[in-house]
Trainee: 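Here's a structure for you.
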Amino acid sequence: MSTIDRRQEPADARGRRAAPSRDEVESLVLVPLVAILAALALGAIGMLATGVDLPTTGRALAALAAGSVGSVGALSETLTAAAPLTLAGLGIALGFRAGLFNIGAEGQMLVGGMAAVLVGFAAAGLPAWIHLPLALAAAMAAGGLWGGVAGWLRAATGAHEVISTIMLNFVALRLVDYLLRSGLFRSPGRSDPVSQSIAPSAELPRLLAWLDPNLRVHAGVLLALAMVVLMSWLLFRTKLGFEFRAAGASPSAAHYAGIRTGAAIVAAMTLAGALAGLAGANQILGVLGRATPAFSSNLGFTAIAVALLGRSHPVGVLLAGLLFGALEAGGRQMQVSAGVSVDLVAIIQALIVAFIAAPVIVRTALGWAFPARPRPPVAAARHPIDRNGAVP
Amino acid sequence: MRLPVSPAGDVATRPAAVAGPLPSLLGPGLLASGLLTAAVFGLGSAGQGPSVFRLSRPNDPLGLPDLAVPADLVCYGVAIVLAVLGAWQMLHGFRRRRSLVLGASMALVVAAFMVWATAGKSFSLTGLLQASVVHAVPIALAGIAGLLSERVAVMNIAVEGMLLAGAFAGALVGSLLGGPLGLVAAIAAGAALGLVLAALVVACRVDQIIAGVVVNIFVLGATSYVSSQVFSQHRALNNAPVFRAIDVPLLGDLPVIGPVLVQQTLFVHGTLLIVAASSYYLFRTRHGLRARSVGEHPRAADTLGIDVHRTQYLNVALAGMVAGFGGAWFTLGSVGRFDSGMTGGLGFIGLAAMIFGRWRPLGVLFAALIFGCADSLQQKLAILKTPIPSEFLAMAPYLATIVLVAGLVGRARPPAAIGKSYRRQ
C-alpha cells in the first residue's frame, strides 16, 4: 500500500509534505475545537438540568473563561495547575509507549513528594542552588523506585503492572499517613498530620513575583517544558526510546530482535515513576510547601486522561496538560464567582476526551450540520485504496 | 484514536521467559518468615495465656464453645511448618504446586499473627468472617463485572464508574421511591453505562482504556457535581432506606454458618447467586460459549455466524448490571446516603480480584474473600491494640496481593482478543 502511495504522491517521495488535506485539518483543528465547544455546551446543559438558572449558567461559563485565560493571574493559575498534570502525564505516556498501563502515578507522586518535603526541611541551611536540585533529585529517585518496583515485578515475575501499581498506590497512601504521624515529619508541637514546612532554599522560585507577589506560577512550569523536550528526544531520537517503542508495539518481535524487553520494562517504569515523583515535588516545592495526607489529590489519575488525550506524544501531553490546567483553574473561579460546583469541570474533561477519542461522534455531528461538499473527482481518483480502507 | 499499544493485551504474547526470581526467592523467603514467626509471634506471645476465639454470640440458640489455643505453641508450630516448607522448596522445589504452597504459607502466617495478637484476650472469629463476607461483596461484584466484559474482549476499566453510578442511582431513587426501586435504578444505571462503554468501544472504535477512563471521570464528575450542587441543599433526595439482614428461621440459627452466610443482607445472597449464575452461564450454556469465543477469537466467531458486536453489547450491559448492583451495596446496603467518590477505588480492587481469580467467577469470589478478610481484619484488630501501627496493618493486604500475584507466575492469561476492537470485513 505504501509503495502505491509513494508512486502516486511524488511530494512524499521527495521528503516534502503535501498540503494538509481536509481530513487532516478536521482531525487536528476542527475536531478538538468542536469537542471543547460541545463539551462546554453539554456542561451548560448539565448546569441547567440541575436547577442552575440561565443567568448564573452564563456567569459560570464566563468565569470559566476568565479564570483560565482572562488575566495574568488566571494564566498563572492555569500554568500552575498544568505543570504537575504534564509531568505525571509524560510518565504515563512513556508507559503507554512501552506497552505498560501505569495506574500508579498517584502513588509515585506521593512518595516523590514525601522525599522532596523530607529533603526540603531536613537539609535546611544548604544554598538554594544545591538544596533545590537535591530535593528534586530525591523526589525523582523515590518516585522512580516506586515505579521501578512495579516494572521489576512485571519483568521478573509477570505480575501485571495494572495490579501492582494499583496496590502500590494504596501502600503509598498509607505510608504517607504513617510518616505524617511519625516524629520524623511532624512539625514540633502540632498533633495534626501535617509535615514541617520546607526551607525557602528548597522552594521552586516564583517566576512572576516581581510583578505581583500573589502570582503563583513557579519554576516547575519550566521544569515541565524541559521534560517535554527531553521526552521527545528520548522517545524519538535515542536507542532507548526506540527500544521502549518496539517493546510496546510488539513485545515478541522486540524480543526476537534482540531487545531486552525485561530491561526496557524496568527502565520505562522507573522513568515514568521518576516523572510522577517530579510532579509530586512540583506540588510540594512549588505550591503547597508541606505535605498533608493524600496531597496528590487525584492528580495522578487525571494525568491518565491527560496522557490519553495527548495521544502519548510529549507535545500532545503538554497541550492536553495546558487544557486540563486551564479547566481546573477556571473551575475554581467558577465555583467562587458563580457558586457552581468545581466538579462540573470533571464532566467537561471527560466529554472532551470522549469526543476527541471518538472523532466519529464529532464528524457525524459535523456532517449533519455542514454537509460535505462533493469531493473533487481528482482527489477521489488519487486514493482509490484509502477510500475503501482495504487493499484489494 | 488508537494508542500505539493495547497495554493489557500483550500478557499472552510476551515471551514466556518469566520463570523469574520467585522460585529462588521462595525457599529462603519461607525460611525467613518461619524464623520471624518464631521470633516475633512465638516469643511475643509466650506467657500471655491462651488465645480465645469466640465462635458464637452469647445469646445464640445453638451455641458453640469458645476455641482456646495455647498461643506460643501454635506460633512455634507454624514456624516449624514454614521452615520445613522452605527447606523442601530449596532442596526439591514444589514445581506446579508453588502458588498453592505460597498461598497456604501466607494463610499460616496470618493465622500465627492473629493468635499472637489475641494472646491473653478473646476475639470473635465469627464476627471476623461475617465482616469479611460483607466487605467482599462489592469487590466480588466488580470482579464479576470486569470478567463478564473482558470475556467478550472489552476491557472494563469503567467498573469503578459503574459502581459509583449504581451507588448514586440507588441513593437518589431509593430516597424518592423506596429501596427496591432504588435497587432497580442502580442496576439500570449500571446497564446504561455498560451500553455507553460498548457503544464507545464497538461503534465509535475508541481505544478500550480511553473509553473506560472517560466513563470513570465522567461518572465521578457527574455524581460529585450533583452531590455538591443539589444534594447539599435538598437532603431528602439523599436519604435512602437501608436493606436489613434477612432473618431466616432455621438456617440462620446454625452456628458460624448462620451469621456468616445466611443472616445477611440480600447483597450477600445476591453476590453468591451471581457468582454461581455467571459461572454456569459462561461455562455451561451455549450463549456463554459464544461469548467466550468472541473473547478469544472474534473473527472465527464471526465466521461461525455469531454476531460479535451484539454479543459484546449484551455482555457488557450485563456486566454493567452486576456492577450497578454492587454499587447499590455502598448506599442501600450500608449507609443509605451517597458521598462523592465513596467507592474509593474498590472497583480497581475488583479488577485485581478478576486477574487474581484468573478470569473465572469462582476464582474472583475467592480473591474477593481474601481482600474482604484482610479489610475486616485490619478493622477488627484495632480492638486488640497490637503494637503494629494501623497504617501498616492497612497496607498488608495490598502487599500480600503483590506477592501473591507475583507468585502466580505466568498462570494468569486474559482472553486473547482483549483490547482489540473488531471490525467486520
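In what follows, chains are A, B, ... by sequence order, proteins preceding strands, each numbered from 1. Everything numeric in this text was worked out from a predicted model, so none of it was measured.
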Trainee: Under the side-chain contact (heavy atoms from CB on, under 4.5 Å) rule, what do A/E161 and A/N102 come out as? Steps first, then yes or no, please.
Mentor: CA-CA 7 Å; A/E161 77 277 0; A/N102 171 19; 5.9 Å; no
Trainee: Would you mind checking which part of A/L344 comes under 4.5 Å of any heavy atom in chain B, side chain (CB onward), backbone (N, CA, C, O), both or neither?
Mentor: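 Both the backbone and the side chain of A/L344 come within 4.5 Å of chain B.
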Trainee: Should the pair B/F231 and B/F338 be assigned to parallel (<30°), tilted (30 to 60°) or perpendicular (>60°) ring geometry?
Mentor: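 Because their plane-to-plane angle is over 60°, the rings of B/F231 and B/F338 count as perpendicular.
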Trainee: Under a 4.5 Å cutoff for heavy-atom pairs, which residue among B/I217, B/V226, B/L399, B/V219 has the most contacts with chain A?
Mentor: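 Going by pairs under 4.5 Å, I would pick B/I217.
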Trainee: Can you confirm whether A/R186 is buried at CZ, in the sense that more than 12 heavy atoms of other residues, nucleotides or ligands lie under 6.0 Å from that atom?
Mentor: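 Yes, enclosed.
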Trainee: Please look at A/L175 and chain B and tell me whether the side chain, the backbone, both or neither of the residue comes under 4.5 angstrom of a heavy atom of that chain.
Mentor: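 Interface part for A/L175: both.
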Trainee: Taking side chain as everything from C-beta outward and backbone as N, CA, C, O, which of these in A/I166 sits under 4.5 Å from a heavy atom of chain B? Side chain, backbone, both or neither.
Mentor: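 Side chain only.
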Trainee: Going by atom types only, do A/S296 and A/E106 share a side-chain donor-acceptor pair under 3.5 Å?
Mentor: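 Side chains of A/S296 and A/E106: pair found under 3.5 Å.
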Trainee: Heavy atoms only, distances under 4.5 angstrom: which of A/G262, A/S250, A/A354 has the most pairs with chain B? Name it, please.
Mentor: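 Counting heavy-atom pairs under 4.5 Å, the top option is A/A354.
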Trainee: Sort out for me which of B/A394, B/A203, B/G341, B/S340 touches chain A most, counting heavy-atom pairs under 4.5 Å.
Mentor: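 Most heavy-atom pairs within the cutoff with chain A belong to B/A394.
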Trainee: Counting heavy-atom pairs under 4.5 Å with chain B, which one of A/D343, A/L173, A/V340 comes out on top?
Mentor: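 Winner by heavy-atom pair count: A/D343.
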Trainee: In terms of the angle between their ring planes, are B/F348 and A/F301 parallel, tilted or perpendicular, with boundaries placed at 30° and 60°?
Mentor: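 Plane angle under 30°, so parallel.
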Trainee: Among B/A396, B/C204, B/S224, single out the residue with the greatest number of heavy-atom pairs under 4.5 Å to chain A.
Mentor: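 Most heavy-atom pairs under 4.5 Å with chain A: B/S224.
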Trainee: Could you check whether any side-chain N or O of A/N169 sits under 3.5 Å from a backbone N or O of A/G107, counting only pairs where one atom can act as donor and the other as acceptor?
Mentor: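 Pair found, side chain donor or acceptor close to backbone of A/G107.
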Trainee: Measuring heavy-atom distances to chain A, does B/I157 have an atom under 4.5 Å in its side chain, in its backbone, in both, or in neither?
Mentor: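 Only the side chain of B/I157 comes within 4.5 Å of chain A.
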Trainee: Anything under 30° is parallel, anything over 60° is perpendicular, the rest tilted; go ahead and classify A/F170 against B/Y398.
Mentor: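 It falls in the parallel class, under 30°.
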